[in-house]
Structures are given as structure tokens and as C-alpha cells.
K.L.:
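Pasting in a structure now, in C-alpha cells, and then I'll have a few things to ask.
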Amino acid sequence: VEISKQLAEIGVVLMMFGVGLHFKWKDLMRVKNIAIPGAIGQTIITTIIVILFVYHIGWSLQAGVIFGLAIGIASTVVLIRMLSDHKLLHTRQGHVSIGWLIVEDIITVVALLLIPSLAISSQGGDGAAENLAVSMGIVLAKFILFVAIMFTIGRKCIKYLIAKMLNAPHELFILTILATTFVIATGSTLLFGISIALGAFIAGMIIGQTTVHHKTWSDTVPVKDFFVVIFFLSIGMLFNPIIIVKNFPLFISVLGIILIVKPLAALLI
């Protein structure tokens, strides 16, 4: 299971890299009026509904916030796979969906950094509100810094590297692209606390601005597809149906929120 989870992480990196390769900032800007309020609004509405529900059944407020955010945010990997399979990735609806998912990924990063502060507040620690505000400020500053570095210094370095590798053997070119992607994705997590998927997406966006993005796509597709299959395999290995049986009322309630509340919120937005 541990090995499959590691290989699945590679699948996530390569899938998000592929999406970034074909996605441009101008595409996101075109749909920002839907994607930004949509993702934030849907997440807030879903989280509030979940907090009220789990608080009613005896959970703490902090647990409700974390559980609500986990349900409110969709799986980028699964949705992008579905869009790709149905040839919707490069339509206007696909651009809206990807923009929506990018905003949700940013919300996920914020949520992960807020967990320690929520843990302190649940124990009645002093300065919980201040820690919460500081955490939010830090994550926003880190994200802005990462994007600024990648689209200035990072872009120049990547373009220089790719230019040097254009005449290299086919295998070496693929390895260079993959190594660059993993360095950026891992570095985004270790240095800036950003999700590895979001880091890979930005790496794809930068390489997508070079003259070799079509060649890069065709060369990396077989590798990407292989690891994406392992990603879904690992999800199957982690799934335990007994948990559903033991918590059936909670399962049905959460399923109702996902299948009814979330789509209605998105529809209204």
C-alpha cells in the first residue's frame, strides 16, 4: 500500500503537469468571474452545512470545520480525468472547471496550514485567533512569492534548460522535463508549503509557454497514463467498505450533502 501511494503521488504530479501544459493564465482570467466566487461560495456553503450537521450529532466546532472543508473541496485529479475522458478539458466549461479547481486547491493549502491553529483553539489555548490570522497571512504570502519566482526567474531558467536540451537524445529530453517537473512540484511543498499538485500545475503552465509544449505533451503522455492508473489503483486499495456499514447514517448524510447541497450551491452561483 505504501509503495502504491508513492506511485500514485507521481500520477497526481504528472496529471496536473499535463493540465498546466495546456492551460494559460488568460484562460483563467476569462472565467475568473465564475471560478473565483464559485469555488469560494460553494466551499463556504458546504462547510457551513457540514458544521451545523456534525455539531448537531456531537462533534466539536473545529472538527466540523476540517470535515466541512474536506467535503467542500472536490478532487482535482478525479474531475480532470473525467473532463479529459469526455473531451471537455479544452471547452469553456472545462476552463471554468479547472479555474474552479485551482481556487479550491489554494483553499486546501490554506486549510492545511490552519489545522494547527484550530487544534490549539480546540484545546482552549491562548492566542488562537492571532495564530489563525498569522497562518492565513503566511500562506498567502508564500503562495504569491512562489508564483512570482516561478514566472520570473523560474521561467527564464526552464526556457534556458529546454533550449539546451532540444538537440539531445529523445530519452534525455523526456527525463529532463520530468526531473524539472518533480523538482518544482517537490520544492513548492518543501519550501513554500504549497500542495505538490498545485506546484506541478504551475510547472506545466511555465513549460506550456515554451516552443516545445506540443513535443513535451506527446512524449510524456504514456508515462502520465501509466502512473494515473496506479493512482486509481491505490485509491481502491485504501477503500474499506466496512467503514460505511459501521457509520451508515453519517455516510448517507454526507453523501446527500455532496450530491444535493454542493450542486445546488454551484447552480445558484
K.L.:
Please name all residues satisfying ring-ring contact (aromatic ring centres under 6.0 Å, His included) with Phe182, sequence neighbours left out, ordered by chain then number.
P.N.:
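Phe182 satisfies ring-ring contact (aromatic ring centres under 6.0 Å, His included) with no other residue.
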K.L.:
With sequence neighbours left out, write down each residue that passes side chain to side chain contact (heavy atoms under 4.5 Å, CB included) with Pro169, or none if nothing qualifies.
P.N.:
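For Pro169, the residues satisfying side chain to side chain contact (heavy atoms under 4.5 Å, CB included) (neighbours in sequence not counted) are Glu171, Leu172.
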K.L.:
Do His95 and Val31 make a side-chain contact, defined as non-hydrogen atoms from C-beta onward lying under 4.5 Å apart?
P.N.:
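Side chain of His95 against side chain of Val31, heavy atoms only: contact under 4.5 Å found.
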K.L.:
Could you check Phe201 against Ile98 for side chain to side chain contact (heavy atoms under 4.5 Å, CB included), going step by step and ending with a plain yes or no?
P.N.:
CA-CA 11 Å; Phe201 176 82; Ile98 294 170; 4.3 Å; yes
K.L.:
Do you reckon Leu145 sits in the same ILVMFWY cluster as Ile202, going by side-chain contacts under 4.5 Å, direct or chained?
P.N.:
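Shared cluster, yes.
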K.L.:
Check whether any side-chain N or O of Glu104 sits under 3.5 Å from a backbone N or O of Ile73 as a donor-acceptor pair, and report yes or no.
P.N.:
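Not at all, since once roles are kept as given, no pair shorter than 3.5 Å links the two residues.
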K.L.:
For the hydrophobic clusters of this structure (ILVMFWY residues joined by side-chain heavy atoms under 4.5 Å, transitively), does one cluster hold both Met205 and Ile149?
P.N.:
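Looking at the clustering, Ile149 is in the same group as Met205.
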K.L.:
Rounded to the nearest 0.5 Å, what's the gap from OG1 on Thr91 to NE2 on His86? Could you check?
P.N.:
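Here the rounded value is 12.0 Å.
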K.L.:
Kindly indicate whether the side chain of Ile206, heavy atoms from C-beta on, has any atom under 4.5 Å from the side chain of Met150.
P.N.:
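Yes, close enough: below the 4.5 Å cut-off.
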K.L.:
Considering only residues two or more places apart or on different chains, which pairs with a residue in residues 30-57 satisfy salt bridge (charged side-chain N to carboxylate O under 4.0 Å, His left out)?
P.N.:
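Salt bridge (charged side-chain N to carboxylate O under 4.0 Å, His left out) check on residues 30-57 returns Asp27-Arg30.
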K.L.:
What residues, two or more places apart in sequence or in another chain, satisfy side chain to side chain contact (heavy atoms under 4.5 Å, CB included) together with Ile196?
P.N.:
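Listed in chain order: Glu9, Val13, Ala185, Thr186, Thr189.
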K.L.:
Is it the case that one hydrophobic cluster holds both Ile57 and Ile71, taking links as side-chain heavy atoms less than 4.5 Å apart, direct or via other members?
P.N.:
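In one cluster: yes.
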K.L.:
Got a donor-acceptor contact below 3.5 angstrom from the His56 side chain to the Leu52 backbone?
P.N.:
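Judged by distance alone, no pair lies under 3.5 Å.
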K.L.:
Does Phe173 have any ring-ring contact (aromatic ring centres under 6.0 Å, His included) partners at least two apart in sequence or in another chain, and if so, which?
P.N.:
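Listed in chain order: nothing, the list is empty.
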K.L.:
Would you tabulate the side-chain donor-acceptor contacts of residues 251-261 under 3.5 Å, counting partners in other chains and residues two or more places apart, or write 'none'?
P.N.:
from	atom 1	to	atom 2	distance (Å)
Ser253	OG	Pro249	O	2.8

K.L.:
Side chains of residues 226-248: which donor-acceptor pairs under 3.5 Å do they make with residues two or more places apart or in other chains?
P.N.:
from	atom 1	to	atom 2	distance (Å)
Ser234	OG	Phe231	O	2.6
Asn240	OD1	Ile242	N	3.2
Asn247	ND2	Ile243	O	3.0

K.L.:
Using every non-hydrogen atom in the two residues, find where Tyr55 and Leu61 come nearest and quote the distance to one decimal.
P.N.:
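Closest heavy-atom pair between Tyr55 and Leu61: CD1-N, 4.2 Å.
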K.L.:
Are any of the side-chain heavy atoms of Phe146 and Ile184 separated by less than 4.5 Å?
P.N.:
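Result yes, sub-4.5 Å side-chain heavy-atom pair found.
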K.L.:
Say whether Ile10 and Leu190 are linked into one hydrophobic cluster, either directly or through other cluster members, by side-chain heavy-atom distances under 4.5 angstrom.
P.N.:
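Not linked; separate clusters.
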K.L.:
For Ala63, check side chain to side chain contact (heavy atoms under 4.5 Å, CB included) against everything at least two apart and list the hits.
P.N.:
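If we apply the side chain to side chain contact (heavy atoms under 4.5 Å, CB included) test to Ala63, skipping adjacent residues, the hits are Trp59, Ser60.
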K.L.:
Under 3.5 Å, which donor-acceptor pairs do the side chains of residues 33-50 form with other protein atoms, sequence neighbours left out?
P.N.:
from	atom 1	to	atom 2	distance (Å)
Gln42	OE1	Trp100	NE1	3.3
Gln42	NE2	Lys262	O	2.9
Thr43	OG1	Ala39	O	2.6
Thr46	OG1	Gln42	O	2.8
Thr47	OG1	Thr43	O	2.6

K.L.:
About how many Å separate OG of Ser84 and CD1 of Ile80, when rounded to the nearest 0.5 Å?
P.N.:
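That separation rounds to 9.0 Å.
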K.L.:
Using a 4.5 Å cut-off on heavy atoms from C-beta on, say whether the side chain of Leu14 contacts that of Leu178.
P.N.:
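Side chain of Leu178 against side chain of Leu14, heavy atoms only: contact under 4.5 Å found.
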K.L.:
Under the side-chain hydrogen bond (donor to acceptor under 3.5 Å, both in side chains) test, which residues partner Gln209, sequence neighbours left out?
P.N.:
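Partners of Gln209 by the side-chain hydrogen bond (donor to acceptor under 3.5 Å, both in side chains) criterion, ordered by chain and then number, come out as Arg155.
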K.L.:
List in chain and number order the residues that pass ring-ring contact (aromatic ring centres under 6.0 Å, His included) with Phe17, two or more places apart in sequence or in another chain; answer none if no residue qualifies.
P.N.:
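So Phe17 forms no ring-ring contact (aromatic ring centres under 6.0 Å, His included) with any residue.
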K.L.:
Identify the heavy atoms of Gly199 and Ser188 that sit nearest to each other, and give their distance.
P.N.:
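Smallest heavy-atom distance, with atoms named: CA-OG, 3.4 Å.
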K.L.:
Which residues pass the side-chain hydrogen bond (donor to acceptor under 3.5 Å, both in side chains) test with Arg92, not counting sequence neighbours?
P.N.:
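Arg92 satisfies side-chain hydrogen bond (donor to acceptor under 3.5 Å, both in side chains) with no residue once adjacent residues are dropped.
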K.L.:
Using the rule that two of Ile, Leu, Val, Met, Phe, Trp, Tyr join whenever any of their side-chain heavy atoms come within less than 4.5 Å, decide whether Leu161 and Leu175 are in one cluster.
P.N.:
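Different clusters.
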K.L.:
Atom CE of residue position Met29 - does it have more than 12 heavy atoms of other residues, nucleotides or ligands inside 6.0 Å?
P.N.:
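Check passes, neighbour count above 12.
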K.L.:
Can you see which heavy atom on Thr176 is nearest to which on Thr180, and at what distance?
P.N.:
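Smallest heavy-atom distance, with atoms named: O-OG1, 2.7 Å.
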K.L.:
Quick one: are Ile177 and Ile162 in side-chain contact, heavy atoms under 4.5 Å?
P.N.:
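SC-SC contact between Ile177 and Ile162 confirmed.
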